[in-house]
Amino acid sequence: MHCDPRFSRVREVFERNFADGEELGAAFAVYLDGEPVVDLWDGVADRHTGRAWERDTPAFAYSCTKAITAAVLLRLVERGLVDVRAPVAAYWPEFAAAGKEAVTVEHLLSHQAGLPVVAEPVPVAEFEDQPAIAARLAGQEPLWEPGSAHGYHALTYGFLVGEVIRRVTGKSVGELVAAEIAGPLELELWVGAPEEVIARTARLKARERPDVTETPAGERPGTMGAPSGAGTGATDGQSGGRPDDVLARMVQAALDPHSLMNRALGNPGMHLLKGGANNPVILRAGWPAAGVVTTARGLAGFYRALVSGDLLRQETLTEALRPRVNGPDRVLLLDTSFGLGFMRPSLTFPTPSPTAFGHSGMGGSIGWGDPGRGLAIGYVMNRMADAVSGNLRALRLVQAVYDSL
């Protein structure tokens with residue numbers, strides 16, 4: 001393990017998380033101005049066998065994938081192959097069905113397309129057939145007028161953006177990540193893991209079923225969760241009402257299996273497979289919204305490449321970070337803010353710095369970049385937690401980084 005003396009506070013927080021029983025296994029990595037300053041790991045990768053968490057132990061990081069998929073698409077924009085202002089149907093003609101002719105690529109990237117759910121249950125046999133799932137979405141009507149509102153496309157984001165990428169390049173997001181990002185940058189990061197990586201991936205431990213009054217996002221073991229920053233701290237004027245009103249609506253949505261929230265988070269349903277997200281089918285499938293297997297160092301290295309300009313031109317990143325939406329989220333009910341695939345400061349992505357961006361994942365994982373401070377951060381773990389405690393683990397570590405600058 002490595003921790004620059006300037007960041008000793010980070011190591012203290014990391015170790016306290018274990019001492020307080022909040023972690024099973026975890027890793028945390030930080031780059032400052034392109035240089036590695038923190039690389040920590042500890043604990044158990046598999047509680048059943050006692051396998052230790054090693055330096056190269058990867059973990060499934062759920063929605064941290066969305067930022068990686070966005071970067072793949074933005075690289076196509078730089079090559080002149082995609083225009084985010086163009087209709088999706090310009091690249092995927094079948095998508096124009098059911099009144100979606102005017103839906104743009106920008107709408108997909110910023111959760112404005114009105115397609116946060118797959119209308120019909122996706123059978124397990126289709127889990128590794130991304131074009132088939134995308135075809136389901138192509139035939140659907142939007143749930144709201146695209147561009148008029150936003151709602152977290154927890155899983156559909158990946159099938160939608162991924163199909164645009166496939167139509168333009170003939171390749172999947174995972175193939176392009178391997179060839180153009182992870183391979184050249186030597187990152188321990190896979191969107192669709194090979195068998196030898198699956199064999200050493202940490203096994204997630206599902207948390208006990210939480211009290212819904214403490215977990216307004218209504219996440220369930222085996223389903224794709226909301227951003228791990230989601231909490232109950234809404235204030236007047238945020239998400240359209242008083243904190244108790246927002247909480248009451250979130251609790252109601254969490255308890256209702258037919259709510260937009262639960263429908264968006266649970267189809268395709270990872271819980272249909274033995275072991276949920278630990279199942280090789282999920283680890284291998286490479287869903288572009290929730291499919292990344294990575295080490296903390298690999299995730300932080302991805303953001304280091306973004307912040308330094310090695311992956312995208314600075315002007316491309318700057319434009320991608322410009323918030324497209326900010327306010328009440330029709331799926332999560334809390335306020336969210338998104339640029340082109342990246343989360344921006346909001347209730348669901350609280351940050352000490354206005355220049356920070358990234359994406360969190362179910363259970364607490366997080367990828368983080370901050371051009372204003374020269375930071376790149378990655379955190380992965382295998383003890384799943386509700387949105388509030390997951391948020392606190394990650395945020396304590398992130399805050400310790402900023403306190404050390």
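Hydrogens, waters and symmetry mates play no part in the numbers below; they use all other heavy atoms, side chains included.
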Pairs meeting criterion ring pair (Phe, Tyr, Trp, His ring centres under 6.0 Å) with involvement of residues 272-294, two or more places apart: Phe127-Trp287, Phe159-Trp287

Going by ring pair (Phe, Tyr, Trp, His ring centres under 6.0 Å), name the pairs with one or both residues in residues 21-52, residues two or more places apart or in two chains. none

Of all residues at least two apart in sequence or in a different chain, which pass the side chain to side chain donor-acceptor pair (under 3.5 Å) check with [X]?
X      : answer
Ser110 : Gln112
Thr318 : none
Arg136 : Glu126

Pairs meeting criterion side chain to side chain donor-acceptor pair (under 3.5 Å) with involvement of residues 90-99, two or more places apart: Glu94-Arg167

Before we go on, tell me: are the rings of Phe349 and Phe357 under 6.0 Å apart, centre to centre? no

Test salt bridge (Lys or Arg N to Asp or Glu O under 4.0 Å) applied to [X] - qualifying residues, sequence neighbours left out:
X      : result
Glu145 : none
Asp256 : none
Asp39  : Arg55, Arg297
Glu195 : Arg284

Sequence neighbours left out, what pairs pass salt bridge (Lys or Arg N to Asp or Glu O under 4.0 Å) with at least one residue falling in residues 97-115? Glu106-Arg324

According to ring pair (Phe, Tyr, Trp, His ring centres under 6.0 Å), who are the partners of Phe14, at least two apart in sequence or on a separate chain? Phe18

